[in-house]
Enquirer: 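I'd like to ask some things about the structure below.
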Amino acid sequence: MPLAHFDGALAVVTGAGSGFGRAIALALAERGATVLAADIDLPSAERTVTLAKTLGPGGGAYEVDVADAAAMEAFAAEVRQAHRVPDIVVNNAGIAVSGPFLDHGVEDWDRILGVNLWGVIHGSRLFGKQMVERVNALPNKPDKPNFGGHIVNIASAAAFAPTRSLPAYCTTKAGVLMLSECLRAELASSRIGVTAVCPGFASTNIVKNGTFVGGDAAHRERVRARGEKAIRMRRYPPEKVAERVVDAIVKNKAVVPVNFEGRLLRTLSRVSPASTRLLARIPVQ
């Protein structure tokens, strides 16, 4: 694929301060897109934009809590006013809560639903509406199937299979997958693509920054340490996920499982759901 494929495009990426978000922002910038990097950590978003400027047109950094409806409304309005309607939106911001369901408190559910699911809802709803309005205001161009824009929602391989260790995380990511499928059907007539990207284990800080519930403090730290070790041993860089995102936008793919475990869990969920239910019973000691 030529690096200039997204010349002139405007891309919004949430959770762009690190991990998948930064890698995706840089991949888009390298291919010619102007990137607006949004993150709850503004200095991290600014660092992403600085790096993007070494690869492409650069862009701007925004401090945004994707779980905050009013903040997202203001962000979307500012993007449209200060720039224009984006061509690509990547709803990437996400967090993890790990532990038994019965040890999850209401505050744990509020937080993970706010970021992982509501953040995707806000980004898809607000920017999707802008994209549709733009399409309706322009002459019909049936020869350009992606003319209306593209929304990418970062789900997870956890969307395909349950596990007793991640009930809240799996629930939110399954919700992101289904929301993406529904939205894809709705926006197809406006020539707006929607993709759910479902990575397996990859080298990000989601485990390090995650919340662990259940057991005593020593147990929770052991679980965290094992999770971080598994991530290190997997050695799957976020840049590979970013490559799959770029490919999905170009080819307008609906669902993209990433790496071996992503493809395996998707296959098992289709051909042997009972197997995924058995795997879900494996406890984390």
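Residues: numbered from 1 along the sequence shown.
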Enquirer: Should the heavy atoms of other residues, nucleotides or ligands under 6.0 Å from CD of Glu133 be counted, would the total exceed 12?
Expert: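 It does: Glu133 CD has more than 12 such atoms within range.
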Enquirer: Taking the side chain as C-beta and beyond, is there a heavy-atom pair between Met131 and Val89 under 4.5 Å?
Expert: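 Counting from C-beta outward, Met131 and Val89 do come under 4.5 Å.
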Enquirer: Where the side chain of Arg224 meets the backbone of Gly210, is there a donor-acceptor pair that is under 3.5 Å apart?
Expert: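 Yes, because the side chain of Arg224 sits within donor-acceptor range (under 3.5 Å) of the backbone of Gly210.
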Enquirer: Side chain of Arg164, backbone of Ala280: donor and acceptor closer than 3.5 Å?
Expert: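 Not at all, since once roles are kept as given, no pair shorter than 3.5 Å links the two residues.
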Enquirer: Between Ile121 and Leu117, is there a side-chain heavy-atom distance shorter than 4.5 Å?
Expert: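 Yes, close enough: below the 4.5 Å cut-off.
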Enquirer: Please table the atom pairs, donor to acceptor, closer than 3.5 Å between any side-chain atom in residues 55-71 and protein atoms at least two apart or in another chain.
Expert:
from, atom 1, to, atom 2, distance (Å)
Tyr62, OH, His83, NE2, 3.0
Asp65, OD1, Ala67, N, 3.0
Asp68, OD1, Ala70, N, 3.0
Asp68, OD1, Ala71, N, 3.0

Enquirer: Quick check: closest heavy atoms across Pro167 and Pro100, and the distance to 0.1 Å?
Expert: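 In terms of heavy atoms, the two residues are closest at CG-C, 4.4 Å.
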Enquirer: Considering all heavy atoms of both residues, which atom of Ala27 and which atom of Val246 are nearest to each other, and what is their separation?
Expert: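 Closest heavy-atom pair between Ala27 and Val246: CB-CG2, 4.0 Å.
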Enquirer: Quick check on the hydrophobic clustering: are Leu126 and Leu187 connected, directly or via other members, by side-chain heavy-atom contacts under 4.5 Å?
Expert: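 Per the 4.5 Å side-chain linkage, Leu126 and Leu187 are co-clustered.
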Enquirer: Roughly how far apart are Thr34 OG1 and Leu36 CG, rounded to 0.5 Å?
Expert: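 Atom-to-atom, Thr34:OG1 and Leu36:CG are 7.5 Å apart.
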Enquirer: May I ask you to establish whether Lys240 and Tyr236 are in a cation-pi arrangement, using a distance under 6.0 Å from NZ or CZ to the six-membered ring centre and at most 45° from the ring axis?
Expert: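 The answer is yes, since Lys240 meets both limits relative to Tyr236.
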Enquirer: Kindly give the heavy-atom pair with the smallest separation between Ala45 and Asp39, and that separation in Å.
Expert: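 Smallest heavy-atom distance, with atoms named: CB-CB, 4.0 Å.
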Enquirer: In Å, rounded to the nearest 0.5 Å, how long is the span from CD1 of Ile192 to CD of Gln130?
Expert: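 Ile192 CD1 to Gln130 CD: 10.5 Å, rounded to 0.5 Å.
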Enquirer: With Asn91, which of Thr14, Asn153, Asn116 fulfils side-chain hydrogen bond (donor to acceptor under 3.5 Å, both in side chains)?
Expert: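 The side-chain hydrogen bond (donor to acceptor under 3.5 Å, both in side chains) with Asn91 is passed solely by Asn153 among Thr14, Asn153, Asn116.
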Enquirer: A side-chain contact here means heavy atoms from C-beta on lying under 4.5 Å apart; do Ile154 and Val245 qualify?
Expert: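 Yes - at least one pair of side-chain heavy atoms lies under 4.5 Å apart.
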Enquirer: I'd like to know if Leu26 and Val49 are part of one continuous hydrophobic network [Ile/Leu/Val/Met/Phe/Trp/Tyr, side-chain heavy atoms within less than 4.5 Å].
Expert: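 Different clusters.
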Enquirer: Is it true that Asp87 and Arg134 have a side-chain N and a carboxylate O under 4.0 angstrom from each other?
Expert: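 Salt bridge: yes.
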Enquirer: How long is the span from the CD atom in Glu73 to the CZ atom in Arg125, to the nearest 0.5 Å?
Expert: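 Interatomic distance, Glu73 CD to Arg125 CZ, rounded to 0.5 Å: 5.0 Å.
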Enquirer: Are Leu177 and Val197 linked, directly or through intermediate hydrophobic residues, by side-chain heavy-atom contacts shorter than 4.5 Å (ILVMFWY only)?
Expert: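 No, because Val197 and Leu177 fall into different hydrophobic clusters, even though each may have its own neighbours under 4.5 Å.
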Enquirer: Taking atom CZ as the centre, does Arg47 end up with more than 12 heavy-atom neighbours from other residues, nucleotides or ligands that are less than 6.0 angstrom away?
Expert: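 Not buried by this count: 12 neighbours or fewer within 6.0 Å.
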Enquirer: Per the ring-ring contact (aromatic ring centres under 6.0 Å, His included) rule, what does the pair list look like for residues 161-200, sequence neighbours excluded?
Expert: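 Of all non-adjacent pairs touching residues 161-200, none passes ring-ring contact (aromatic ring centres under 6.0 Å, His included).
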Enquirer: Is it the case that one hydrophobic cluster holds both Leu51 and Leu28, taking links as side-chain heavy atoms less than 4.5 Å apart, direct or via other members?
Expert: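 No, separate clusters.
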Enquirer: Do the charged groups of Glu239 and Arg22 touch, with an N to O distance under 4.0 Å?
Expert: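 No salt bridge links Glu239 with Arg22.
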Enquirer: Go through the steps for Val194 and Lys253 under the test side chain to side chain contact (heavy atoms under 4.5 Å, CB included), then give the verdict.
Expert: CA-CA 8 Å; Val194 180; Lys253 294 184 176 180; over 6 Å; no
Enquirer: Hey, could you give me the CD1/CG distance between Ile151 and Leu179, rounded to the nearest 0.5 Å?
Expert: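 If I round to the nearest 0.5 Å, the distance is 9.0 Å.
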Enquirer: In chain order, what residues pass the side-chain hydrogen bond (donor to acceptor under 3.5 Å, both in side chains) check against Arg263, with sequence neighbours excluded?
Expert: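 Expected list: none.
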Enquirer: With heavy-atom distances below 4.5 Å as the criterion, would you say the side chains of Val152 and Ile249 are in contact?
Expert: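 Result yes, sub-4.5 Å side-chain heavy-atom pair found.
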Enquirer: How about Thr267 and Phe160: do any of their side-chain heavy atoms sit closer than 4.5 Å?
Expert: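 Heavy-atom side-chain distance check fails, nothing below 4.5 Å.
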Enquirer: Please list, chain by chain and in numerical order, all residues satisfying side chain to side chain contact (heavy atoms under 4.5 Å, CB included) with Ala218, sequence neighbours excluded.
Expert: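 With sequence neighbours excluded, Ala218 shows a side chain to side chain contact (heavy atoms under 4.5 Å, CB included) to Asp216, Arg222, given in chain and number order.
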Enquirer: Kindly write out the residues that satisfy side chain to side chain contact (heavy atoms under 4.5 Å, CB included) with Glu261, not counting sequence neighbours, or none if the list is empty.
Expert: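 Expected list: Phe201, Arg234, Asn259.
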Enquirer: Quick one, Thr163 with Arg281, criterion side-chain hydrogen bond (donor to acceptor under 3.5 Å, both in side chains). Give me CA distance, side-chain angles, the key distance, then yes/no.
Expert: CA-CA 7 Å; Thr163 169; Arg281 297 184 184 184; over 6 Å; no
Enquirer: When you measure from the side chain of Asp108 to the backbone N and O of Gly105, does any donor-acceptor pair fall under 3.5 Å?
Expert: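 Yes, Asp108 side chain to Gly105 backbone: donor-acceptor pair under 3.5 Å.
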Enquirer: Nearest 0.5 angstrom please: Ile95 CD1 to Asn209 CG, how far?
Expert: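 Going from CD1 on Ile95 over to CG on Asn209, the span is 10.0 Å.
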Enquirer: Do Val241 and Ile88 share a hydrophobic cluster (ILVMFWY, side-chain heavy atoms under 4.5 Å, transitive)?
Expert: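 Val241 clusters together with Ile88.
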Enquirer: Which heavy atom in Ile112 sits nearest to a heavy atom in Ala168, and how many Å separate them?
Expert: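 The answer is CG2-CB, 3.9 Å.
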Enquirer: Side-chain contact, heavy-atom cut-off 4.5 Å: Leu42 with Glu46?
Expert: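 SC-SC contact between Leu42 and Glu46 confirmed.
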Enquirer: Just by distance, do the side chain of Thr195 and the backbone of Val255 share a donor-acceptor pair under 3.5 Å?
Expert: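 Looks like no, no N/O pair under 3.5 Å.
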Enquirer: Using the side chain to side chain contact (heavy atoms under 4.5 Å, CB included) criterion, which residues pair with Thr276? Sequence neighbours excluded.
Expert: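 Per chain and number, Thr276 pairs via side chain to side chain contact (heavy atoms under 4.5 Å, CB included) with Ala161, Pro162, Leu268.
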Enquirer: Just verifying a value: how many Å separate Asn252 CG and Arg191 CZ, rounded to the nearest 0.5 Å?
Expert: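 Reported to 0.5 Å precision, the distance equals 12.5 Å.
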